[in-house]
Amino acid sequence: TEHVFKYKSHDDIAPLEGISAQEIEELSNYAKLYHVELIANQQSFGHMEKLLEKGNYQFLGEKNHILSPSRPETYQLLKDFYTEQNACYGGAYFMINADETFGLGSEQNKAMADSMGIGNLYAYHIKKVAKLIEPSGKKVLMWSDIVANYPQIIPQLPKDIVLIPW
C-alpha cells in the first residue's frame with residue numbers, strides 16, 4: 001500500500017477507488033474463513049512517489065520517491081498511517097516494505113548521510129518506524145534488499161524484525 005488506503009487522517013491521499021478500513025475488515029473476516037490472515041502493508045521509505053507528488057507532501061520527499069528521515073513530519077505521517085491500518089487489520093504482522101531507497105542521502109538528507117553514512121541512516125529510519133509499530137504488538141516485516149547492501153547495520157535493527165528476501 002503506497003497511497004490507496006483511504007486514511008481518515010489524510011483523506012487527500014487515496015484515489016476515489018481506494019480501499020477503506022471497512023472493506024479491509026470485511027476482506028479480513030472473509031479470509032479468516034479460509035485460514036488466511038491479511039497483513040497490514042504500508043510503504044514506509046521508498047516507493048512513495050504517488051504520495052510525494054501531492055502538494056501537501058512533496059516536502060517530505062527525497063528523489064521524489066523516498067520519505068525523508070530528517071523530517072519529524074515523516075514520522076507523524078507514518079504514525080497516522082500505522083494507527084489507522086492497525087485498527088482494521090487483525091493479525092500479528094505489519095509489512096513496512098522499506099525497499100528501493102536508491103538515492104537516499106543525496107538531497108535533503110545529505111547532511112545526515114554524510115555524518116552517519118547511508119547504511120546507518122537507513123537503520124535510523126527503520127528503528128524509528130519499528131518504534132511506531134511497537135505499541136500495536138505486531139511483528140515488523142520488511143524487504144531485505146537494502147539491508148543486504150549494508151550488512152553491518154543488522155546489529156542495529158530491532159531483534160524481532162523479520163527480513164524477507166525478494
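Just so it is clear, the values below take in all heavy atoms, side chains as well, and ignore hydrogens, waters and symmetry mates.
Within the structure, the salt bridge (charged side-chain N to carboxylate O under 4.0 Å, His left out) test picks out the following pairs touching residues 127-137 (sequence neighbours left out): K131-E134. For residues 138-154, the pairs satisfying side-chain hydrogen bond (donor to acceptor under 3.5 Å, both in side chains) are N97-W143, with sequence neighbours left out. Applying the salt bridge (charged side-chain N to carboxylate O under 4.0 Å, His left out) test to pairs two or more places apart or on separate chains, those with a residue in residues 93-115 are K110-D114. Pairs passing the salt bridge (charged side-chain N to carboxylate O under 4.0 Å, His left out) check and including a residue from residues 24-51, sequence neighbours excluded, do not occur. Under the ring pair (Phe, Tyr, Trp, His ring centres under 6.0 Å) criterion, the residue pairs touching residues 99-129 are F45-Y122, F45-H125, Y75-H125, with sequence neighbours excluded.
Taking E62 as the reference, N109 meet the side chain to side chain donor-acceptor pair (under 3.5 Å) condition, with sequence neighbours excluded. Applying the salt bridge (Lys or Arg N to Asp or Glu O under 4.0 Å) rule to K54 yields no partners; only residues at least two apart in sequence or on another chain are considered. For Q156, the side chain to side chain donor-acceptor pair (under 3.5 Å) test picks out N120, with sequence neighbours left out. Under the ring-ring contact (aromatic ring centres under 6.0 Å, His included) criterion, Y30 pairs with Y34, sequence neighbours left out. The side chain to side chain donor-acceptor pair (under 3.5 Å) test applied to D11 returns no partner, not counting sequence neighbours. Applying the side chain to side chain donor-acceptor pair (under 3.5 Å) test to Q108 and every residue at least two apart in sequence or in another chain returns S68, R71. Qualifying ring-ring contact (aromatic ring centres under 6.0 Å, His included) partners for F81, counting only residues two or more places apart in sequence or in other chains: Y7, H10.
A donor-acceptor contact closer than 3.5 angstrom is absent between the side chains of Q58 and E53.
The distance from the CD1 atom of I161 to the CG atom of L141 is 9.5 Å, given to the nearest 0.5 Å. To the nearest 0.5 Å, atom SG of residue C88 and atom CG of residue L27 are 10.5 Å apart. Taking OG1 of T83 as the start and CD of Q85 as the end, the distance is 10.5 Å to the nearest 0.5 Å. Taken from OG1 in T1 to CE in M95, the straight-line distance is 11.0 Å, to the nearest 0.5 Å. Distance check: D80 CG to Q76 CD gives 4.5 Å after rounding to the nearest 0.5 Å. Atom CG in L77 sits 8.0 Å away from atom OG in S9 (nearest 0.5 Å).
The shortest non-hydrogen separation linking A113 to G105 is CB-CA, 3.6 Å. Closest approach of P155 and P151 over heavy atoms only: CD-O, 4.1 Å. The shortest non-hydrogen separation linking L78 to Q43 is CD2-O, 4.2 Å.
With a 4.5 Å cut-off on side-chain heavy atoms, V140 and V162 do not count as touching.
In this structure, the side chain of S44 engages the main chain of Q42 through a donor-acceptor pair within 3.5 Å.
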